[in-house]
Asks: 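Dropping the structure in here first, questions after.
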Amino acid sequence: MSELKTLNSRFGIAGKLSFEQVGDLVTARVTSAFASATIALQGAHVMTWQPKGQAPVIWLSKFAKFALGKSIRGGVPVCWPWFGPHADNAQLPGHGFARTVPWQLLAAKALPDGRVRLDFELVQDEATRAQWPHDSVVRNTVTVGQELEVQLTTTNTGDAPFQLGQALHTYFEVGDIRRATVAGLEGCEYLDKVDGGARKRQQGQVAFTRETDRIYLATRGCCGIVDPALDRTILITSTGSHSTVVWNPWTEKADKMGDFGQDGYLNMVCVETANAAEDVVALAAGETHTMTAQYRVIAAAG
Ligand code: TA6
């Protein structure tokens, strides 16, 4: 029996959850009274999320590739077990391998309140262990409703400690990045990656006039994307994270990446819930760390 048939017979929920092929990828399609979403099993990667009555909240490039072993431009890429370039080995993939390898669907449930919850576990094998020789179990739980919740949990199942860097590298849809701002990071220090990693302090809301790539430190678990063009604010709340990455590639970098499309950068901003830079997590043997992000549209802008 095909993988799709097996998934539909094991986990399908009539009228709420079915499985379909998108390009090379097997995906879960959630449709509920509150929202619709698509999640690729590769990377346990939320590709789309659109609450009822709203424009899409999660951005997915029109030029995204859906290929085995390749990252998807948009959605909620899971960066794990390191964020950014590998500390010692430039041959290893940026942002870790979790987003480009298979994850197993462990469970799918229609909750009494109408939300749909999917539990995924990363499939570790010799290829992943060659990059990450630590015994660990990582799960990603995605709950789809009027709010989207993504919960990334890592357990150190070995007998030695390890350092964990990670991020939910979420791409949000905005009407026009030149008018959008990010509130809630005022006064935070940040590392400015477009200025050699210089340490600076945020004055007022984050506005966008050029390539912006910053790791905000000691963040407080709550920020918002104020979007006058779509007349909405997207609230982002998080736990288990004290660093927030804000990124827009702007024109030149987006063109170089090749999967943003013409002007794609104008309609997206990444606000990433992370354990990055000095916020990486030291996980002792037997310890578990959970990082959670919740997203919802809360109000008109302003
Ligand atoms: O989170 C921002 C960032 O680290 C940028 O520096 C840029 O590299 C972006 O991630 C996208 O990375 P990717 O590997 O998905 O193309």
Side-chain angles (χ1 to χ4, degrees), residues 25 40 42-48 58-87 89-101 131 140 150 152 164-174 177 180 182 185 188 190-200 202 206 208 210-217 219 223 225 236 238 241-261 264-280 291 293 295:
L25 304 182
Q42 176 175 281
H45 189 132
V46 177
M47 292 162 56
T48 69
I58 298 291
W59 180 82
L60 183 66
S61 170
K62 293 182 182 61
F63 298 83
K65 312 244 180 342
F66 304 111
L68 295 177
K70 295 272 180 257
S71 59
I72 299 170
R73 183 64 65 201
V76 184
V78 173
C79 301
W80 186 97
W82 59 83
F83 178 80
H86 187 274
N89 181 349
Q91 303 305 313
L92 294 178
H95 292 331
F97 52 81
R99 60 179 172 165
T100 54
V101 298
Q131 302 181 65
N140 195 26
V150 184
L152 192 57
L164 173 66
Q166 59 183 357
L168 295 170
H169 192 297
T170 306
Y171 290 71
F172 293 94
E173 182 143 340
V174 294
I177 189 63
V182 174
L185 300 171
C188 289
Y190 64 90
L191 306 178
D192 186 346
K193 288 171 59 180
V194 296
D195 186 10
R199 192 178 276 260
K200 302 177 180 176
Q202 181 60 37
V206 185
F208 301 87
R210 48 163 299 177
E211 180 184 355
T212 305
D213 193 350
R214 303 174 181 178
I215 303 177
Y216 285 86
L217 305 169
T219 49
C223 59
I225 301 167
I236 300 162
S238 60
S241 153
H242 296 290
S243 44
T244 300
V245 180
V246 176
W247 178 60
N248 183 288
W250 220 250
T251 48
E252 228 172 280
K253 181 136 187 195
D255 285 350
K256 278 197 200 121
M257 291 186 138
D259 52 6
F260 266 87
Y265 79 97
L266 284 173
N267 298 114
M268 57 67 66
V269 62
C270 283
V271 179
E272 306 162 32
T273 299
N275 292 127
E278 47 209 57
D279 183 35
V280 293
M291 179 174 77
Y295 310 128

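Order of appearance sets the numbers: ligands from 1, and atoms from 1 within every ligand.
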Asks: Which ligand 1 atoms, with their elements, are less than 4.0 angstrom from a heavy-atom of Phe83?
Replies: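 Near Phe83, the atoms of ligand 1 are 1 (O).
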
Asks: Could you tell me whether Asp213 and ligand 1 have an N or O pair separated by under 3.5 Å?
Replies: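 So ligand 1 has an N or O lying under 3.5 Å from an N or O of Asp213.
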
Asks: How close do Pro77 and Arg99 get, heavy atom to heavy atom, and via which atoms?
Replies: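 That would be CB-CD, 4.2 Å.
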
Asks: What atoms in ligand 1 come closer than 4.0 Å to a heavy atom of His169?
Replies: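 Numbered from 1, ligand 1 contributes 1 (O), 2 (C), 3 (C), 9 (C), 10 (O), 11 (C).
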
Asks: Heavy atom to atom 10 (O) of ligand 1, shortest distance: which of Glu272, Arg73, His95, Met257 holds it?
Replies: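 The nearest heavy atom belongs to His95.
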
Asks: Applying side-chain contact (heavy atoms from CB on, under 4.5 Å) between Leu168 and each of Val245, Val271, Val76, report the one that passes.
Replies: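 It is Val76; the other options fail the test.
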
Asks: Just to confirm my output: which protein heavy-atom neighbour is closest to atom 11 (C) of ligand 1, and how far is it?
Replies: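 Result for atom 11 (C) of ligand 1: Trp247 CH2, 3.7 Å.
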
Asks: Give the contacting part of Arg99 toward ligand 1: side chain, backbone, both or neither, where contact means a heavy-atom distance below 4.0 Å.
Replies: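 Answer for Arg99: side chain.
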
Asks: May I have the step-by-step check of ring pair (Phe, Tyr, Trp, His ring centres under 6.0 Å) for Phe260 and Trp250, ending in yes or no?
Replies: CA-CA 10 Å; Phe260 266 87; Trp250 220 250; over 10 Å; no

Asks: For Val245, take its heavy atoms, then give the atoms of ligand 1 lying under 4.0 Å from any of them.
Replies: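 Contacts of ligand 1 toward Val245, numbered from 1: 1 (O).
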
Asks: Between Trp59 and Gly264, what is the shortest heavy-atom contact and its length?
Replies: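 Smallest interatomic distance, heavy atoms only, reads CZ2-O, 3.8 Å.
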
Asks: Of all the heavy-atom pairs spanning Ala274 and Ala167, show the shortest one and how long it is.
Replies: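 Where Ala274 meets Ala167 most closely, the heavy atoms are CB-CB, 3.8 Å.
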
Asks: Report the relative orientation of the aromatic rings in Tyr216 and Tyr190; use parallel for angles under 30°, tilted for 30 to 60°, perpendicular for over 60°.
Replies: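 Plane angle between 30° and 60°, so tilted.
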
